[in-house]
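The structure appears right after this line, and notes come after that.
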Amino acid sequence: MADRITVIGWDGTPLTEAAGAALAAATLVAGAPYQLNALPVPESAERITLGNIREAARRIAEHRGAAVVVAEGDPGFFGVVRTLRRPEYGLELEVLPAVSSVAAAFARAGMPWEDAQVVSVHGGRLRRAANICRAHPKVAVLTAPGAGPAELALMLRGVHRTFVVCEALGTPDEDVTVLTSDRIADHVWRDPNVVLVIGGGARTAVVDEAAGWLAGRPVGYPGADRGWALPGDAYAGAGRAEDEPGAPEVLPAHVRALVLARLGARPGDLVWSVGAGSGALAVEAARFGAAVVAVEGSRSACARLTVNARRYGVEVETVYGSGPEVLGGLPEPDAAVVESGGLDVVRAVLARRPERFVALPRTFAEAEGVHRAIAGAGYRADGALLQSTPLRPVGSGDGLAPVAGGTGALVLWGEQIV
């Protein structure tokens, strides 16, 4: 294996003394073409272009001599260090980092970034990166050829964001451009670049409890309420219909808990909530970090949903409409729940092939049809009838007694058969 491997992070500034000495002694240097051309690589050194990083790592492991790998910024932050450290290569590394491209991008924009999400599109993760941008108000995206600002903006079509595109950071050709997302696709962008995606309606102010100790945006932040499957009265306009005429009845907490468990919402997912009512399920899925599109046919319920999303500081895209036709223009879901809408809506959602699917039929007859639809679409189908009876204190003692008139709910779900 190579006698010594030094990984140099380069941000376009002059090399440190240690980095310069390592490069001068190198018998093999790997890096991007612009790095190999710009840095003083010894004429006698073998040069490797970092295209396929695993292939480069294999060649470095077989080299006899002093190897240097040049990477952008901090090579331990979404960089080559992870690959080079894989046990099959048996490499021992000395890492000399520079300022990461993400830190440089936020510095150019004059913005703090301890509250930002950072994602990479490498490995075919453009859609998941776009879903993070849907769900969070401040995201740094490390792009790749063929998955750059234009492709990201197309994935976010209809979602208003501001893009800060930082091209060729640290080089003489560095350029920083600020545009709204609808104008990004009209430009041709140079590699390498970092994109800051800014905007959305979620609250971004740092609260005292989170200030100064935790980077990123925790699940549920900045909502003050701990946990999930919150009581029904935690959501605006989610009372019983007899208490507020025209208001949808919120799903009981224990039903929401099962639905959320079967949806398995996580960051990078896009969840559909169809027939979302006042949005208790949609908001809670968003609090897990998923991007959420809520479809609802009542304008008053859409307004309540917006209030609930704002209350818990999450992004929920609300689409007014009902029936299968409204689903045609929505982005592809990773998970979906049909809270209301009937069998035609269930079939329309299943046709979009979410990995996980949940439906809440109102009757056993409807449940049988939904179960057949789930199984017929190639899913592993299952379900449960949940019965719930609340307990109340009895008299002046410590006793408890069930309250008459408990509720039941049908929950059916399916997972794609791999």
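The structure presented is a predicted model; accordingly, all values stated were derived computationally and were not measured.
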Would you find a donor on one side and an acceptor on the other, under 3.5 Å apart, between the side chain of [X] and the backbone of [Y]?
X	Y	answer
Asn308	Val283	no
Arg161	Cys133	yes
Ser100	Gly73	no
Asn37	Tyr34	no
Glu55	Asn52	no
Gln416	Arg353	yes
Glu296	Ala301	no
Glu167	Arg190	yes
His136	Ala116	no
Arg54	Leu84	no

If you measure from the Lys or Arg side-chain nitrogens to the Asp or Glu carboxylate oxygens, is any gap between [X] and [Y] under 4.0 Å?
X	Y	result
Glu88	Arg58	no
Arg356	Asp334	no
Asp186	Arg183	no
Asp182	Arg157	no
Glu46	Arg59	yes
Glu284	Arg256	yes

More than 12 heavy atoms from other groups under 6.0 Å of [atom1] on [X]:
X	atom1	answer
Arg127	CZ	yes
Arg47	CZ	yes
Arg108	CZ	yes

I want to check something: taking the side chain as every heavy atom from C-beta on, are [X] and [Y] in contact at a cut-off of under 4.5 Å?
X	Y	value
Pro75	Val95	yes
Pro137	Ile198	no
Leu15	Trp10	yes
Val7	Leu96	no
Glu366	Leu343	no
Val337	Trp272	no
Ser101	Phe77	no
Glu317	Arg134	yes

I'd like to know whether Thr6 forms a side-chain contact (heavy atoms from CB on, under 4.5 Å) with Val69, so could you lay out the CA-CA distance, the side-chain angles of the two residues, the decisive distance to 0.1 Å, and finally the verdict.
CA-CA 6 Å; Thr6 304; Val69 178; over 6 Å; no
Over all heavy atoms of both residues, which pair between [X] and [Y] is shortest? Give the atoms and the distance, please.
X	Y	value
Asp269	Gly264	OD2-O, 3.7 Å
Leu410	Ala367	CD1-CB, 4.2 Å
Ile184	Pro149	CG2-O, 3.3 Å
Arg128	Pro267	NH2-O, 3.2 Å
Tyr379	Gly414	CD2-C, 3.8 Å
Leu305	Gly279	CG-CA, 3.6 Å

Interatomic spacing from [atom1] in [X] to [atom2] in [Y] - rounded to 0.5 Å:
X	Y	atom1	atom2	value
Glu315	Ile132	CD	CD1	12.5 Å
Asn131	Glu332	CG	CD	11.0 Å
Thr83	Leu50	OG1	CG	10.0 Å
Ile60	Leu91	CD1	CG	7.0 Å
Arg125	Ser120	CZ	OG	7.5 Å
Tyr89	Glu62	OH	CD	10.5 Å

Please assess Phe357 against Val346 for the test side-chain contact (heavy atoms from CB on, under 4.5 Å), listing each intermediate value before the final yes or no.
CA-CA 9 Å; Phe357 173 81; Val346 166; 3.7 Å; yes
For the side-chain contact (heavy atoms from CB on, under 4.5 Å) test, which of Val165, Leu196, Val164 pairs with Val178?
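Of the listed options, the one satisfying the test is Val164.
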Looking only at side chains, do Asp173 and Thr171 share a donor and an acceptor under 3.5 Å apart?
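Checked: Asp173/Thr171 side chains show no N/O donor-acceptor pair below 3.5 Å.
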Going by atom types only, do His160 and Ser181 share a side-chain donor-acceptor pair under 3.5 Å?
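No, because no side-chain N or O of His160 sits under 3.5 Å from a partner of the opposite role on Ser181.
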I'd like to know whether Ile374 forms a side-chain contact (heavy atoms from CB on, under 4.5 Å) with Leu350, so could you lay out the CA-CA distance, the side-chain angles of the two residues, the decisive distance to 0.1 Å, and finally the verdict.
CA-CA 7 Å; Ile374 295 173; Leu350 288 169; 4.2 Å; yes
Apply side-chain contact (heavy atoms from CB on, under 4.5 Å) to residues Leu39 and Leu23 and explain how you reach the verdict.
CA-CA 9 Å; Leu39 292 172; Leu23 190 61; 4.0 Å; yes
Within 45° cone and under 6.0 Å: Arg266 NZ/CZ vs Phe288 ring:
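The answer is no; the distance or angle limit is not met.
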